[in-house]
Amino acid sequence: MEISTQSNFIRDIIEKDLSSGKHDQVVTRFPPEPNGYLHIGHAKSICLNFGVARDFGGRCHLRFDDTNPRKEDPEYVRSIMNDVRWLGFDWGEHLYHASDYFDQLYEYGLELIKRGKAYVCSLSPQEIRQYRGTLTEPGKNSPFRDRSLDENLKLFQAMKKGQFDEGTHVLRAKIDMSSPNINLRDPVIFRIVNADHHRTGYSWCIYPTYDYAHCLSDSIEEITHSLCSLEFQDHRPLYDWILDQLPVSCHPRQIEFARLNLNYTVMSKRKLARLVSEGHVRSWDDPRMPTLSGLRRRGYTPESIRRFCDLIGVAKSDNIVDMSMLEYCAREDLNKKAPRFMAVLNPVKLIITNYPEDMDEELEAINNPEDESMGTRKVPFSRELYIEFDDFMENPPKKFFRLAPGREVRLRYAYFVTCEKVVKDQATGDIREIHCNYDPATKGGDAPDNRRVKATLHWVSARHAGKAEVRLYDRLFSRANPTEDEKKGIDFLEYINPDSLKVLDSCFIEPGLADLCPGDHCQFERLGYFCVDPDSQPDKPVFNRTATLRDAWARIQKKTG
RNA sequence: UGGGGUGUAGCCAAGCGGUAAGGCAACGGGUUUUGGUCCCGUCAUUCGAGGGUUCGAAUCCUUCCGCCCCAGCCA
């Protein structure tokens, strides 16, 4: 695996803690709640936590934060483990669940009561909210705040036995109802939930809250550095308070960093779930989704995503990273690895009038000019070919280098051809055929007299071509920040890009492409990087465009208008 | 108007009292049988703004401003 060279404030802290002797090993954890699929934002956290452990010779735990049975599902557990492994990380023996600690967490609850640091509150949820106060006004003490130790113990035990309905009682930490930090205003640490938990079934009817379970789970696992996102900064005093009240031997340090945002997409599980459930995309692994499963299906490699996470860095300021950074990482990696092929997406027929009708040839093509070890292949050539519709113009502007009447270009690995005639549909005026003649002396693509052409076109022999479906993807939203108008009441779905998917169902591919399997990557020369979709059938492969190649001609067109 | 954060180029992001790294994007040029790759070059006299300390400030002090987060029995 590549060594991350990018330092950041968290690595600096860890380095210091190691060299000062505060710790002799670093232990981190990635703590997803199994209530959705992992996305590229999680990848940032995974790369950070596992990367730090790897680079400093420590370990990183995978811990499912499964304290809310109502939202969690084993399907998510499976997908999360699969995605973390796919990204290239290994938790070894260290797979844990917050639910592994329910007994211990309950015992700690009892202990907190005994120490006078927690009480059973019987206010309704609405009342608790009212008593909490507001951002500017302090809260009021619950009337149940001074229950006796015995009463608290009895009630909490009764809660555990299932003697109460949901919402009737909770266990609260006794801290300070007038704290300017709302999280310290006697936060709820256990609530009653009657639901089927994916691992413990119905054996519990009280569940710990995040604030309570997380710090203690970290402590139990002897985590040294508990890395989380910025919104938990206000929770850190509570994290520390709980550990300070209890007889624990390990008190991890919570450090917060800014989560990843990407422009032209959304990153919240709730919003991603809406895209799926409301049918704006096909599934969680739709190639337009920023989920790891979506990116994988789109053709992103684990290496490219790790590289991306390395490039964007880790800091504390809010950020919206440009999509072009992600695309850059895809191209950078695939350029080295993807075998090249020729495929014509928008075909127009090219006929070489001076090439014998019954002849065909096998021409040698290079599989990857970046990697000689990938060798060469044979590509069939014949009189009738398909070329890209965009590679011909009847009245070309000055900067158009490709085929035009009277102009000579190179057919990649084949011959120089010169356009002599255009055949059009009588009725519509559409171009039907382009007639060319070829120079046999230029076989392979080099002219013995050293004459130059300004363009090289890709092509596919009509007689030998396979058919394929190609799916072209664009950004999912038309706005860089689809949620920017939420305060104004404009739903992010208003900004969905209606052209985010374009399906081309009659593309032509060179024969060699038929041997690829779902998940395989390739480059269609001059067009972009593609990946074979699992929807492929033996007679009809389906390709997803991962990313286009950088396209100087497209930029010229854009500038010219 | 309580508390917690944060402001360095279009976007990420280094920098930690000694005179603004790097990457993406963009723009020029070279090489090229992919208008790709690769190579070379340009792109912050200034770090949210003002004051102060200092021989010297993005870094220290101070005032102000912007943006983000917090009033779930979600995480």
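Values below: every heavy atom of this structure, side chains too, minus hydrogens, waters and symmetry copies. In what follows, chains are A, B, ... by sequence order, proteins preceding strands, each numbered from 1.
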Once you apply a heavy-atom cut-off of 4.0 Å, does [X] come out as touching a base, just sugar-phosphate, or nothing?
X	result
A/Val314	sugar-phosphate
A/Asp211	nothing
A/Arg452	sugar-phosphate
A/Ser124	base
A/Leu123	base
A/Pro369	base
A/Glu327	nothing
A/Arg70	nothing
A/His169	nothing
A/Asp234	base
A/Phe190	nothing
A/Phe400	base
A/Gln233	sugar-phosphate

Rounded interatomic separation in angstrom, taking [atom1] from [X] and [atom2] from [N]:
X	N	atom1	atom2	result
A/Ile556	B/rG35	CD1	P	11 Å
A/Glu166	B/rC73	CD	P	14 Å
A/Lys316	B/rU6	NZ	P	5 Å
A/Glu388	B/rG35	CD	P	12 Å
A/Tyr212	B/rA75	OH	P	14 Å
A/Arg555	B/rG29	CZ	C1'	14 Å
A/Lys71	B/rC73	NZ	P	12 Å
A/Arg412	B/rG36	CZ	C1'	9 Å

Between [X] and [N], does any side-chain N or O lie under 4.0 Å from OP1 or OP2?
X	N	answer
A/Thr67	B/rA75	yes
A/Arg129	B/rG72	yes
A/Lys454	B/rU32	no
A/Arg191	B/rA75	yes
A/Arg402	B/rG35	no
A/Arg172	B/rC73	no

(message) Can you tell me how the ring of A/His197 sits relative to the ring of A/Tyr207, calling it parallel under 30°, perpendicular over 60° and tilted otherwise?
(response) parallel
(message) Parallel, tilted or perpendicular: which one describes the rings of A/Tyr415 and A/Tyr438, with boundaries at 30° and 60°?
(response) perpendicular
Can you tell which of [options] lies closest to the side chain of [X]?
X	options	value
A/Arg132	B/rG28, B/rC73, B/rU34	B/rC73
A/Val321	B/rG35, B/rA75, B/rC12	B/rC12
A/Asn183	B/rC70, B/rC12, B/rA71	B/rC70
A/Ser317	B/rC74, B/rG35, B/rG7	B/rG7
A/Leu135	B/rG35, B/rC74, B/rC70	B/rC70
A/Glu33	B/rU1, B/rC12, B/rA75	B/rA75
A/Leu230	B/rU37, B/rU34, B/rG5	B/rG5
A/Tyr210	B/rA71, B/rA75, B/rG35	B/rA75
A/Ile128	B/rC73, B/rU37, B/rA13	B/rC73
A/Phe232	B/rU34, B/rA75, B/rU37	B/rA75

(message) Just to verify, which of A/Arg410, A/Arg526, A/Glu525 counts as forming a side-chain contact (heavy atoms from CB on, under 4.5 Å) with A/Thr456?
(response) A/Arg410
Paired with [N] by Watson-Crick or G-U wobble geometry, both distances under 3.5 Å: which nucleotide is it?
N	result
B/rG7	B/rC65
B/rU45	none
B/rA21	none

(request) Give the C-alpha distance, both sets of side-chain angles, the deciding distance and a yes or no for salt bridge (charged side-chain N to carboxylate O under 4.0 Å, His left out) between A/Asp100 and A/Arg63. (result) CA-CA 10 Å; A/Asp100 295 339; A/Arg63 179 170 76 231; over 6 Å; no
(request) Answer yes or no: is there a side-chain heavy-atom contact under 4.5 Å between A/Ile366 and A/Tyr413? (result) yes
(request) Tell me, please, whether A/Tyr106 has A/Lys160 positioned over its six-membered ring: NZ or CZ under 6.0 Å from the ring centre and within 45 degrees of its axis? (result) yes
(request) Mark yes or no for whether A/Glu72, through its side chain, and A/Glu33, through its backbone, hold a donor-acceptor pair below 3.5 Å. (result) no
(request) State plainly whether the residues A/Arg11 and A/Glu15 are in salt-bridge range, i.e. N to O under 4.0 Å. (result) no
(request) Using a strict cut-off of less than 4.0 Å between a Lys/Arg side-chain nitrogen and an Asp/Glu carboxylate oxygen, indicate whether A/Asp333 and A/Lys337 qualify as a salt bridge. (result) yes
(request) Using a 90° cut-off around 0 for syn, call B/rG41 syn or anti. (result) anti
Quick test: give all pairs of protein nitrogen or oxygen and nucleotides 66-68 of chain B nitrogen or oxygen below 3.5 Å, distance rounded to 0.1 Å.
from, atom 1, to, atom 2, distance (Å)
B/rC68, O4', A/Asp318, OD2, 3.3
B/rC68, O2', A/Asp318, OD2, 3.3

(message) When you measure only distances, ignoring hydrogens and angles, does the side chain of A/Arg340 come within 3.5 Å of the base of B/rU34 through a donor and an acceptor?
(response)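 Side chain to base: pair found, below 3.5 Å.
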List, with names and distances, any nitrogen or oxygen atoms from the protein found under 3.5 Å away from nitrogen or oxygen atoms belonging to nucleotides 20-24 of chain B.
from, atom 1, to, atom 2, distance (Å)
B/rC24, OP1, A/Tyr328, OH, 3.1
B/rC24, O2', A/Ser324, OG, 3.1

